[in-house]
Structure formats: C-alpha cells, structure tokens
Amino acid sequence: MTELLTDTQVADALQHLPEWHQDGAKLARTVEFDSFPQAIQAVTRIAEIAESENHHPDIDIRWRTVTFYCTTHYKGGITANDTSLAQEIDNVVEQLRS
C-alpha cells in the first residue's frame, strides 16, 4: 500500500526533481513548450504513461504553458507514486525539448 511521504521525504525527493516544488499536498511543475501542438504532444504521452500506471496527474493547459500536479488523491497527499510520475513527466519534457 502506498503511504504518504513525510515532509523530509518530500524535500529529499525534490532534490532529484529540481523543476518541481511542493504546493500544499501536491507536487507542481509548469512547463512552457515551443508551441501548442508540442504541449498537447507532451500531455498525450504523459496521459499514456499515467493510464498504464493507473496514476494520473492533474493537468492545466494554457496555450503552450502546461502545469502538472502530482498527488495521490485517495491518500490526500504526496506518495512515492507522485515522485515517480514527476520523474516520468520530466523524461517526456526532456525528450520533446531535445
């Protein structure tokens, strides 16, 4: 069973996720892509990953700016599933920017 991370564990995880920050009970990252189609491409790839893992981020799309929020809703906070998903989001963003 996935357990909530302590504040110390979240801080430690954020050391490896430099583009992310804690926003209350969730991790957050905002990315500005080169174009709207590229932003949608990123969201589509991340949706596929999230669906395969049955762990879905909250996503806010504003033209080419996308904000991702990772939280485990049924636990009411941040778990290892969220830090893992944040890393996978970083990987997708990095691939699209290469």
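Residues: numbered from 1 along the sequence shown. In this text, all values refer to a predicted model and were calculated from it rather than measured experimentally. Basis for what follows: all heavy atoms, side chains included, without hydrogens, waters or symmetry-related copies.
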side-chain hydrogen bond (donor to acceptor under 3.5 Å, both in side chains) involving [X] - partner list, sequence neighbours excluded:
X: T72; value: T79, D82
X: R62; value: D60
X: T6; value: Q9
X: S84; value: none

Which other residues end up in the same hydrophobic cluster as Y69, if Ile, Leu, Val, Met, Phe, Trp and Tyr are linked when side-chain heavy atoms come under 4.5 Å apart?
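Y69 shares its hydrophobic cluster with no other residue.
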Quick one: salt bridge (Lys or Arg N to Asp or Glu O under 4.0 Å) pairs with a partner in residues 32-47, sequence neighbours left out?
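Applying salt bridge (Lys or Arg N to Asp or Glu O under 4.0 Å) to every pair that reaches into residues 32-47, excluding sequence neighbours, yields E32-R64.
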Pairs in or reaching into residues 14-28: which pass salt bridge (Lys or Arg N to Asp or Glu O under 4.0 Å), with residues at least two apart or in two chains?
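Residue pairs passing salt bridge (Lys or Arg N to Asp or Glu O under 4.0 Å), neighbours aside: none found.
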Once you round to the nearest 0.5 Å, how far does [atom1] of [X] lie from [atom2] of [Y]?
X: F33; Y: R97; atom1: CZ; atom2: CZ; value: 6.0 Å
X: H55; Y: T2; atom1: NE2; atom2: OG1; value: 8.0 Å
X: Q22; Y: L14; atom1: CD; atom2: CG; value: 6.5 Å

Taking side-chain contact (heavy atoms from CB on, under 4.5 Å) as the test, write out the residues that go with [X], two or more places apart.
X: S35; value: P37, Q38
X: A13; value: T83
X: I59; value: V43, P57, I61, V66, F68

Please answer: with hydrophobic residues joined when any side-chain heavy atoms are less than 4.5 Å apart, are V31 and W63 in the same cluster?
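Yes, it is one cluster - the side chains of V31 and W63 are joined through contacts under 4.5 Å.
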For W20 and C70, which heavy atoms make the closest approach, and how far apart are they?
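Nearest heavy atoms, W20 then C70: CH2-SG, 3.9 Å.
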Salt bridge (charged side-chain N to carboxylate O under 4.0 Å, His left out) against R29, all qualifying residues, sequence neighbours excluded
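Partners of R29 under the salt bridge (charged side-chain N to carboxylate O under 4.0 Å, His left out) test: D90.
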According to salt bridge (charged side-chain N to carboxylate O under 4.0 Å, His left out), who are the partners of E51, at least two apart in sequence or on a separate chain?
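Salt bridge (charged side-chain N to carboxylate O under 4.0 Å, His left out) list for E51, sorted by chain: empty.
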Where do E88 and I46 land on the side chain to side chain contact (heavy atoms under 4.5 Å, CB included) test, with the steps shown first?
CA-CA 8 Å; E88 293 195 67; I46 291 161; over 6 Å; no
Quick check: do N81 and K75 have side-chain heavy atoms less than 4.5 Å from each other?
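No, every pair of side-chain atoms sits at 4.5 Å or beyond.
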Indicate whether any N or O donor in one side chain lies under 3.5 Å from an N or O acceptor in the other, for N91 and Q95.
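Distance-only check fails for N91 and Q95.
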Any chance you could lay out the side chain to side chain contact (heavy atoms under 4.5 Å, CB included) test for T71 and L27, step after step, and finish with the verdict?
CA-CA 7 Å; T71 189; L27 300 177; over 6 Å; no
